[in-house]
Amino acid sequence: QHQLMTDQFGLINLPEVNGIAGARPVIQNGTNLITAAGNSEISNFNLLQTNRAIYFNNVNGVVDVNRLMTDAAIEVNGGSGDFTFSDVHIDSSFTDGLRINGGSANVTFSGIYGGSSISVSDGYAVVVQGSHSGTVLFPTDSVITATDTEGFLFLGGLSGNYIFNSTNT
């Protein structure tokens, strides 16, 4: 069980759903549904009908995003630290899946309950650009699917390590 300390209510439990099935709280309709800060945990949400589900703008520290489903991009813009996406499923028909722009963030896209997945039919599944210098890792429990579109885009003076051991179709 993941918990969160709040000023108003003290320690509260975050919603929990095992795997990709079950009823999660839904956040929808907006430009950036969640604008995250450093040392954040985002867990067990469906983020729908938006251009960007989660936006990390120059975020530093440890970030844990887990058990999440969205139909829009997740973007890491600048920043540093360790960003772990576990059991995150991006299924987008109109935008990129995961965007990493600059910074030195180390990004791991994996899972416990069957892995993480990115499926796009417009845009790119994964975009890394803007002099990014961290490590991006997609282990074997990840799946990347690009249907009638491009899978990956790498540009702009990259000096990081990019490891794709995932299933890529």
Side-chain angles (χ1 to χ4, degrees), residues 2 4-7 14 27-111 115-120 122-139 141-146 149-166 168:
H2 297 273
L4 175 68
M5 180 59 72
T6 67
D7 291 337
L14 290 173
I27 302 173
Q28 64 185 24
N29 299 327
T31 302
N32 297 318
L33 293 184
I34 297 175
T35 301
N39 301 315
S40 294
E41 179 177 3
I42 301 166
S43 182
N44 283 295
F45 288 102
N46 286 347
L47 305 175
L48 305 172
Q49 300 169 351
T50 182
N51 292 330
R52 200 167 26 207
I54 306 174
Y55 185 51
F56 300 95
N57 189 27
N58 293 310
V59 169
N60 300 304
V62 176
V63 173
D64 180 16
V65 178
N66 60 77
R67 299 179 184 162
L68 183 129
M69 296 183 78
T70 182
D71 62 0
I74 294 175
E75 183 169 345
V76 179
N77 184 45
S80 64
D82 294 320
F83 291 63
T84 301
F85 297 90
S86 180
D87 297 305
V88 171
H89 301 277
I90 302 170
D91 188 358
S92 176
S93 62
F94 62 90
T95 186
D96 299 327
L98 176 65
R99 294 186 208 125
I100 302 168
N101 185 18
S104 60
N106 298 311
V107 177
T108 301
F109 204 83
S110 66
S116 292
S117 65
I118 298 175
S119 179
V120 298
D122 193 15
Y124 293 91
V126 178
V127 176
V128 184
Q129 63 186 12
S131 300
H132 178 259
S133 62
T135 295
V136 176
L137 172 62
F138 281 76
D141 59 359
S142 300
V143 176
I144 301 170
T145 305
T149 188
E150 304 295 329
F152 307 99
L153 177 64
F154 297 92
L155 57 93
L158 305 176
S159 61
N161 297 303
Y162 308 101
I163 304 161
F164 292 87
N165 292 325
S166 55
N168 305 311

message: Could you walk me through whether D91 and D71 satisfy the side-chain contact (heavy atoms from CB on, under 4.5 Å) test, starting with their C-alpha distance in whole Å, then the side-chain angles of each, then the deciding distance to 0.1 Å, before giving a yes or no?
response: CA-CA 5 Å; D91 188 358; D71 62 0; 5.6 Å; no
task: Kindly determine whether N106 and T108 satisfy side-chain contact (heavy atoms from CB on, under 4.5 Å), including the steps that lead there.
output: CA-CA 7 Å; N106 298 311; T108 301; 6.0 Å; no
- prompt: So, does S159 use its side chain to make a donor-acceptor pair with the main chain of S133 at under 3.5 Å?
  reply: no
message: Using every non-hydrogen atom in the two residues, find where I90 and A72 come nearest and quote the distance to one decimal.
response: CG2-O, 3.4 Å
message: If I take atom CG from residue N165 and atom OG from residue S110, how far apart are they, to the nearest 0.5 angstrom?
response: 12.0 Å
- prompt: Atom CG of N66 and atom CG of N44: how far apart are they, to the nearest 0.5 Å?
  reply: 6.5 Å
query: Should the ring pair F85 and F56 be called parallel, tilted or perpendicular, given that the plane angle runs from 0 to 90° and is split at 30 and 60?
result: perpendicular
field: Flag side-chain contact, heavy atom, 4.5 Å: L153 against V128
entry: no
Whether T145 side chain and S119 backbone form a donor-acceptor pair below 3.5 Å: no
task: Using the ring pair (Phe, Tyr, Trp, His ring centres under 6.0 Å) rule, take F152 and Y124 through it: C-alpha gap first, then chi angles, then the decisive distance, then the call.
output: CA-CA 6 Å; F152 307 99; Y124 293 91; 9.1 Å; no
Straight-line distance of R67 CZ to N46 CG, nearest 0.5 Å: 13.5 Å
- prompt: Between the side chain of D96 and the main-chain N/O of A73, is any donor-acceptor distance below 3.5 Å?
  reply: no
task: Output the distance between atom CG (D122) and atom OG (S92), rounded to the nearest 0.5 Å.
output: 7.5 Å
- request: Could you grab the distance from atom OG1 of T50 to atom CD of Q28, nearest 0.5 Å is fine?
  value: 10.0 Å
task: Please name the pair of heavy atoms, one in L33 and one in I27, separated by the smallest distance, quoted to 0.1 Å.
output: CD1-O, 3.3 Å
task: Would you tell me whether N60 and S80 have side-chain atoms, one donor and one acceptor, within less than 3.5 Å of each other?
output: yes
- request: Provide the closest heavy-atom pair for I118 versus L98 in the form atom of the first, atom of the second, distance.
  value: CD1-CB, 3.9 Å
message: Apply side-chain contact (heavy atoms from CB on, under 4.5 Å) to residues I34 and Y55 and explain how you reach the verdict.
response: CA-CA 6 Å; I34 297 175; Y55 185 51; over 6 Å; no
- prompt: Do the non-hydrogen side-chain atoms of V65 and V63 ever get within less than 4.5 Å of each other?
  reply: yes
field: Distance, nearest 0.5 Å, that separates CG of D64 from CZ of F83
entry: 11.5 Å
query: What heavy-atom pair brings L68 and I54 nearest, and what distance separates the two atoms?
result: CD1-CD1, 4.0 Å
message: Treating T149 as the side-chain partner and G123 as the backbone partner, does any N or O pair qualify as donor plus acceptor under 3.5 Å?
response: yes
- prompt: What's the shortest heavy-atom distance between S166 and S142, and which atoms?
  reply: CB-O, 3.1 Å
message: Holding to salt bridge (Lys or Arg N to Asp or Glu O under 4.0 Å), I want the full list of residues that pass it with R52, two or more places apart in sequence or in another chain.
response: E75
query: Going through the distances and angles, do I144 and V126 end up as a side-chain contact (heavy atoms from CB on, under 4.5 Å)?
result: CA-CA 9 Å; I144 301 170; V126 178; 4.3 Å; yes
query: Can you check whether G78's main-chain N or O pairs, donor with acceptor, with H132's side chain at less than 3.5 Å?
result: no
query: Which pair of heavy atoms, one from F109 and one from P139, lies closest together, and at what distance?
result: O-CD, 3.2 Å
